[in-house]
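Working notes for the structure below.
Worth knowing before you read on, the calculation uses all heavy atoms, side chains too, and leaves out hydrogens, waters and symmetry mates.
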Amino acid sequence: MKTSSLLLIASLSLGMLACGEEETAAPQPQVGLSFSTVTAAAPVNGRIASTNSLSFSSGTITLSEIQFEAEGDADSLEVEFELEQDVQIDFATGATTPDISAVAFRPGTYEEIEVEMELQDKGSQPAIVLNGTFTDALGQAHPVRFEFNSSESFEVEREGTVTFEEGQSVVAQVTFNPVAWFAGVSSEELLTATKNEQGVIVISSTHNTDIFEEVADGLDLATEVEIED
């Protein structure tokens, strides 16, 4: 199992937002996990002037485990939440099956927040299956399918104090941007990639493996953690 160290480029974008809400009976802060996805087309290989673009519009991402931990400035102030079951994310909508419930935790000042997610690797389907389009310089669209099956772990830590009061709603939002995973792939590689009988550029551990290895390395990239209160 490979664990990504999550540096500062947007492949998996984690933002934690805390917003005040009016509630009635003895409100406690809640922590929930939501997912969003980037479906807009972007230049291939990060070249702003490039006429080649890549986008992903549908598919699924399946997680097998989610952990959320928060440690406070007092010894007794600690939150631990762990979900060990398959959670499938619809890439088109960000909706999860099953829904991820919120967990109540004590108000106070926390010094460290950590979220860890692990991809499922034992199912009949790959953990990540995404469908997209590569558009070349002539405007011709080439269907792309990316498949990834590994127990990759994503860990994100946010250090520094943040205070949650009673009645706040805390949402941890994870944004998946697969085009960023393709940052090391050139338009020439996609143009010369092998297509299957349906004319689809399949990128997996058994198809177009050179491109696959570059994208797999891109999964090690990540973004900053932002918390607003």
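Legend: residues meeting side-chain hydrogen bond (donor to acceptor under 3.5 Å, both in side chains) with T93, ordered by chain and number and at least two apart, are absent. Residues passing the side-chain hydrogen bond (donor to acceptor under 3.5 Å, both in side chains) test with N131 are S58, sequence neighbours excluded. Here T39 pairs with T37, F91 under the side chain to side chain contact (heavy atoms under 4.5 Å, CB included) rule; sequence neighbours left out. Not counting sequence neighbours, the partners of F182 by the ring pair (Phe, Tyr, Trp, His ring centres under 6.0 Å) test are F56, F146. Under the side chain to side chain contact (heavy atoms under 4.5 Å, CB included) criterion, D136 pairs with N52, F134, L138, Q140, H142, L191, sequence neighbours left out.
Considering OG1 of T60 and CD of Q125, their distance stands at 7.5 Å, rounded to 0.5 Å. Here the CD atom belonging to Q88 is positioned 7.5 Å from the CG atom belonging to D90, to the nearest 0.5 angstrom. One finds the NZ atom of K122 at 10.5 Å from the CG atom of D86 (value rounded to the nearest 0.5 Å). Rounding to the nearest 0.5 Å gives a distance of 6.5 Å between CE of M117 and CG of L63. Taken from CD in E116 to CD in Q67, the straight-line distance is 5.0 Å, to the nearest 0.5 Å.
Inspection of the T175 and S36 side chains reveals an N or O donor paired with an N or O acceptor under 3.5 Å.
Residue N196 comes nearest to R145 through the heavy atom pair ND2-NH2, 4.3 Å, listed as atom of the first residue, atom of the second, then distance. In terms of heavy-atom proximity, S150 sits nearest to A127 at O-CB, 4.5 Å. T133 and A141 get closest at one heavy-atom pair: CG2-CB, 3.6 Å. Residues Y110 and G108 come closest through the heavy atom pair CD1-O, 3.5 Å.
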- Query: Run the side-chain contact (heavy atoms from CB on, under 4.5 Å) check on L119 and F148 step by step: do they pass?
  - Reply: CA-CA 10 Å; L119 292 175; F148 184 83; 3.9 Å; yes
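Between S64 and E84, the closest side-chain pair of non-hydrogen atoms is not below 4.5 Å. V215 is listed as a side-chain neighbour of V185, based on a closest heavy-atom distance under 4.5 Å.
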Per-pair distances, 0.1 Å, donor-acceptor, side chain in residues 201-213, under 3.5 Å, sequence neighbours excluded:
unit_1 : atom_1 : unit_2 : atom_2 : d
S204   : OG     : T206   : N      : 3.3
S204   : OG     : T206   : OG1    : 3.4
S204   : OG     : H207   : N      : 3.2
S204   : OG     : H207   : ND1    : 3.2
N208   : OD1    : T194   : N      : 2.9
N208   : ND2    : T194   : O      : 2.9
N208   : ND2    : V202   : O      : 2.8

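The hydrophobic cluster containing L83 also contains F176, counting ILVMFWY residues as joined when their side-chain heavy atoms lie under 4.5 angstrom apart, directly or transitively.
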